[in-house]
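First up is the structure itself, then whatever we jot down about it.
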Amino acid sequence: MKDGIYKIAAATPHIRLGDVVSNEREIIGLIEKAADKKASVLVLPELCVTGYTAGDLFLLDSLISGAENALRGIAAATVGKNLVAVVGAPVMHGGKLYSAAVVMCDGHIKGIVPKKNIPNYSEFYEGRMFTPYRGENEFDDKFGCLFGNKIIFRHKEGELAFAAEVCEDLWVPDSPGVSHALAGALLICNPSASDETISKADYRRALVGMQSARLCCAYAYADAGSGESTTDAVYGGHNLICENGRTLAEGQLFSDEMIIADIDVKHMAHERRRLTSFGVEKEGYTEVVFSLPLRDTEFTSPPERNPFVPADAAKLGKRAEEILRLQTAGLVGRMSNCNIKKCVVGVSGGLDSTLALLVAVRAADALGLPRGNIIAVTMPCFGTTKRTRGNAVKVSKLLGTCFRTVNIAQSVKRHLRDIGHDGKTTDVAFENAQARERTQVLFDIANMENALLVGTGDLSELALGWCTYNGDHMSSYAVNSSIPKTLVRCLVAYEAERLGELRDVLRDVLDTPVSPELLPTGGDKVVQPTEEIIGPYELHDFFLYHLIRWGSSKAKIKRLALAAFDGVYSAETVEKWLGIFFRRFFTSAFKRNCLPDGAKVGSVSLSPRGDWRMPSDSSVIE
């Protein structure tokens, strides 16, 4: 629960139709199981206390009174369990019978949410037994709690606020979930009884996922399963937990299992705060507070180590191609709009410049231009190794670009001498003189050729300020500006497999340590490995994602990183590089605030014109 992270469970009990005593025992067993797994919220299916398919048995007083007794027994079983249970049951109120979500915690029924939309078509005939509830919130004397479908349940000690809608309420055009979200619910619980037909599971998964996306919330859907009547339909227990469009956990059909997932309600609150079109409308809603001890959530599964890169290998190729097409479309648009037929790319044999060159070639192909219109320029100097220079030559020539070499060593020496530098002290001026000389050469060639200079710097470098101001920091159009280093690596790897003739050289580019190569080398060894100086890019990209995408605090990012990289980096290592990340991120804003244009590709961008407007002289905010 700390840091807004809650463990949520959705489960399907093995019911006996009409046997409320047996069902009560089964439900209590699931509550105990969820409590053992440290879940904070457990959602169970619609009418699971009696069974959804009881039909006209719902007209029997004995079944309804038995369900009422079972609810009291189930509520009593929540004492000391440190969770909230949302249980589907029939409830009499004001002389009418309702299918309802009954919310209970620590021995008390905290509220009853009746179903608003009653299906009475095809195999569903709920209108025969149940009444749709469309009134205002009322007090229920029998259970001593609020009754209505405009209730927000709020965790007193934490950030969780949730509401409930019941089965069909999700499937209608005007879902109660919309109002719930606008009233502040960050989690919506749905006790449901949805039968299975061909492909319905796919539709249901998409529906729950989209509901969580459009409402910027988490959504826990618990579905009826075995024990329901099979007279006219079968029920598969298709449980789902989604968050902001992503499926976090999904039950296997016909297995009646409990699924558990960790949701981050601070993420949802941040998303709503960021989206100024997400309104607030609390009229008619009542807040009910429940109390749970605040505790650290043990992660059901660790956070993704590489949040910018799909974990599913099958999706990675599709994602890589999509990103490359976005990059290409941006460059094609800029060249077309400016009526420019040529591009200049500075190539070092490293990852970033290789990706930029691959995108430039794709752009030339898309525009129907000869690849010779792409001018690849390598500019060796004091720290250039044979390996990187050789790879720059091979990649450029195999792609069919126009290749040039401009050795800048003598120019840099003259410049250092002109400004009174001894040419031997390897200080910042020594390094930056090379970066700025390269940028000058590239811009001048672009001027000579009436060409556009394609920038190569990536998002990770921009975040860390790992670029020379008015050096490699500058270009005419920066195709990699929203691509983090971990993703750059994946894109080059994708092209290595797609372009068979370049496979070997691109793989060698991938295997070469990342380095700016600005310090003199005593042979052909990389003497300036970037990740030994500023830290591993996989850590920095993780930090960047959670800071910018979700606004997480330094302490929370550390906690997430320790879970994600458990066994990879020690706590001391994570803390060291996290401190460096925060310091560099906040002190290098001035570089980002005058970036060249470049198309946004993913959900995180640092463009001062688009996503991230930050003062250059801000204090470090942790």
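Proximity of a side-chain donor or acceptor of Asp472 to a complementary backbone N or O of Cys467 within less than 3.5 Å is not detected. With hydrogens and angles ignored, the 3.5 Å screen pairs a side-chain donor or acceptor of Arg592 with a backbone N or O of Ala463. Checked by atom type and distance alone, the side chain of Ser476 pairs as donor or acceptor with a backbone atom of Leu453 at under 3.5 Å. A donor-acceptor pair under 3.5 Å is absent between the side-chain atoms of Arg609 and the main chain of Asn593, judged by distance alone. The backbone N or O of Tyr569 lies less than 3.5 Å from no partner atom in the side chain of Thr573, so there is not a single donor-acceptor pair. In terms of modelled atom types and a separation under 3.5 Å, the side chain of Ser212 and the main chain of Gly209 share a donor-acceptor contact. Here the side chain of Thr401 pairs no donor or acceptor atom with the backbone of Gly372 at under 3.5 angstrom. The main-chain N or O of Ala249 is never found under 3.5 Å from a side-chain atom of Thr247 such that the two would form a donor-acceptor pair. Although no hydrogens or angles enter the test, the distance criterion places no donor-acceptor pair under 3.5 Å between the side chain of Gln528 and the main chain of Ser515. Counting only distance, with no hydrogens or angles, the side chain of Arg272 and the backbone of Cys216 share a donor-acceptor pair below 3.5 Å.
Here Arg274 pairs with Glu271 in a salt bridge; the nearest charged N to carboxylate O distance falls below 4.0 Å. Under 4.0 Å is where a charged nitrogen must lie from a carboxylate oxygen, and between Glu461 and Lys591 no such pair does. Arg325 and Glu321 are joined by a salt bridge, as a carboxylate oxygen and a charged side-chain nitrogen come within less than 4.0 angstrom of each other. Asp365 and Arg362 are not joined by a salt bridge, as no carboxylate oxygen comes within less than 4.0 angstrom of a charged side-chain nitrogen. Taking a cutoff of 4.0 Å between a charged side-chain nitrogen and a carboxylate oxygen, Asp3 and Lys266 do not qualify as a salt bridge. A salt bridge does not link Glu622 with Lys556: every distance from a Lys NZ or Arg NE/NH1/NH2 to an Asp or Glu carboxylate oxygen is 4.0 Å or more. Between Lys38 and Glu298 there is no salt bridge, since none of the side-chain N atoms of the basic residue sits less than 4.0 Å from a carboxylate O of the acidic one.
Annotation for Arg498: atom CZ counts as buried by contact number, over 12 foreign heavy atoms lying within 6.0 Å.
To the nearest 0.5 Å, atoms NZ (Lys318) and CG (Asp312) are separated by 11.0 Å. With rounding to the nearest 0.5 angstrom, the OH atom of Tyr545 is 10.5 Å from the CG atom of Leu560. Within the model, atoms CG of Leu539 and OG1 of Thr486 stand 11.0 Å from one another, a figure rounded to the nearest 0.5 Å. Within the model, atoms CD1 of Ile548 and CG of Asp611 stand 9.5 Å from one another, a figure rounded to the nearest 0.5 Å. Atom-to-atom distance recorded for Leu160:CG and Asp264:CG is 11.5 Å, nearest 0.5 angstrom. Rounding to the nearest 0.5 angstrom, the gap separating the CD atom in Glu431 from the CZ atom in Arg436 is 11.5 Å.
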Given Met335 and Tyr477, is the side-chain contact (heavy atoms from CB on, under 4.5 Å) satisfied, shown in steps?
CA-CA 10 Å; Met335 294 175 69; Tyr477 194 79; over 6 Å; no

Verify side-chain contact (heavy atoms from CB on, under 4.5 Å) between Phe430 and Thr425, making sure each step is shown before the conclusion.
CA-CA 7 Å; Phe430 180 88; Thr425 303; over 6 Å; no

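Using bins of under 30°, 30° to 60° and over 60° for the plane-to-plane angle, the ring pair Phe542/His546 lands in the tilted bin. Using the six-membered ring where Trp is involved, Phe582 and Phe586 have ring planes that are parallel, under 30° apart on the 30 and 60° scheme.
Between the side chains of Ser353 and Ser348, a donor-acceptor pair is found at a separation under 3.5 Å. Using modelled atom types and a 3.5 Å distance limit, the side chains of Glu517 and Thr385 yield a donor-acceptor pair.
Contacts of His267 classified as ring pair (Phe, Tyr, Trp, His ring centres under 6.0 Å), with partners at least two apart in sequence or in another chain: Trp550. Not counting sequence neighbours, the partners of Phe590 by the ring pair (Phe, Tyr, Trp, His ring centres under 6.0 Å) test are Tyr469.
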Using atom types as modelled, flag every donor-acceptor pair under 3.5 Å from a side chain in residues 300-308 to any protein atom, sequence neighbours excluded.
unit_1	atom_1	unit_2	atom_2	d
Thr300	OG1	Lys7	NZ	2.7
Thr300	OG1	Asp262	OD1	2.9
Arg305	NE	Ala564	O	2.8

